[in-house]
Enquirer: 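Here it is, the structure in full.
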Amino acid sequence: MEEVIIIGTGCAGYTAAIYTARANLKPLMLSGTQPGGQLTTTTEVENFPGHPDGVMGPELMMKMQAQAEKFGTRIAYEMVESVTRRDDGTFAVKTGSATHEAKTVIVATGAAPRHLGLPNEQSLIGRGLTSCATCDGAFYPDVPVAVIGGGDSACEEAGFLTRFASKVYLVHRRDELRASKIMAERALANPKIEPLWNSAVSAYLTDEKGEMRAIALKNLVDGSEREVEVKCVFVAIGHVPNSGFLGGLVDLDENGYILQTPGRTSTKTPGLFAAGDVADHYYRQAITAAGQGCAAALEAERYLADHEGH
Ligand code: NAP
């Protein structure tokens, strides 16, 4: 019987592991299919405190892993299929190859940015295709870029990118933004943002180095095609939180994010905590995920202390 199982090995998971390991709870981490989480898909991270010269995303995650393992965290590369709570309040965590038992569970499975599904997009991630303007916007000064989407994220990212880019195309499949009125108005009033309405990206076009050169756009009203030169495409068509495997143990919001107790990482199931992007559609930053991982570890520790001997 484990004291704590942490599901997910992104910033939230590793921080929870460092804290629970140092509290001598000997955490078991279950890694899933993307060890290291979303930061492993980015290049340089310039906004994680403590790294004044920046740090590569994969390197930061390897250091977090080393720090977690140094204090006794065990990592199993298994994909969790389901979590159930037993009558005695403990949990059964079923993976593809085993069933683990634990007194507490910290869910830190993150969210996957939604992509368009175009053939070469995987090879372009980090080479002119990204889902995070905060992370990558500063790498594209004085060049045209595009944001895809019409929601609050797209408008926010487009506005942020105008600090760097020479021009920001806002590519949306309809002729009206989904974003809240204030965000939409702000984006459309910005002289550096040019909306391209009723437009769908039909291809990402690359240069001889395999980096983003342009997007091929199809006009969804008249069917016409055009090319627009951009050095980077920021995809902001939503995220998919990895919360589906928890069944009825947690309540989800309308987009699938786990609902936490306000101001806490606890959920409606005692002993089950959620941290990071799987429960946070608002901040979505490495440092805020790490902060929640810390909070979940402290809450799990207190829960175990309160239930000792029960
Ligand atoms: P969202 O509101 O779901 O918007 C996604 C956008 O992407 C929509 O405009 C949608 O088009 C478009 N889209 C979806 N699939 C597409 C596809 N396959 N091809 C092309 N376009 C596609 O997502 P979000 O903007 O990430 O926001 C998520 C939540 O976070 C929202 O509740 C939002 O209010 C909140 N948020 C708030 C703030 C803030 O308040 N500061 C900032 C960011 C996010 P359609 O419009 O045609 O459906």
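Ligands are counted one by one from 1 in listed order, and the atoms in each one are counted from 1 as well. Note that the structure is predicted; figures quoted are calculated from it, not measured.
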Enquirer: In order of chain and number, which residues sit within 4.0 Å of ligand 1 by heavy atom?
Expert: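 Correct list: Leu116, Gly149, Gly150, Gly151, Asp152, Ser153, Glu156, His172, Arg173, Arg174, Arg178, Met183, Ala236, Ile237, Gly238, His281, Arg284.
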Enquirer: Among all residues two or more places apart in sequence or in another chain, which pass the side-chain contact (heavy atoms from CB on, under 4.5 Å) test with Thr288?
Expert: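 Expected list: Asp280, Tyr283, Gln285.
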Enquirer: Between Arg213 and Glu227, does any side-chain N to carboxylate O distance fall below 4.0 Å?
Expert: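 Yes, Arg213 and Glu227 are salt-bridged.
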Enquirer: Members other than Phe160 in its cluster, when Ile, Leu, Val, Met, Phe, Trp, Tyr link by side-chain heavy atoms under 4.5 Å?
Expert: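 Its cluster mates, by chain and number, are Phe164.
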Enquirer: Could you pull out every donor-acceptor pair under 3.5 Å between side chains of residues 197-205 and any protein atom, sequence neighbours left out?
Expert:
from	atom 1	to	atom 2	distance (Å)
Asn198	OD1	Asp175	N	3.4
Ser199	OG	Trp197	O	2.7
Ser202	OG	Ala216	O	3.2

Enquirer: Atom CZ of Arg226 and atom CD1 of Ile215: how far apart are they, to the nearest 0.5 Å?
Expert: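 So the CZ of Arg226 and the CD1 of Ile215 are separated by 8.5 Å.
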Enquirer: To the nearest 0.5 angstrom, please state how far the CD1 atom of Ile106 sits from the CD1 atom of Ile5.
Expert: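 Those atoms lie 11.0 Å apart.
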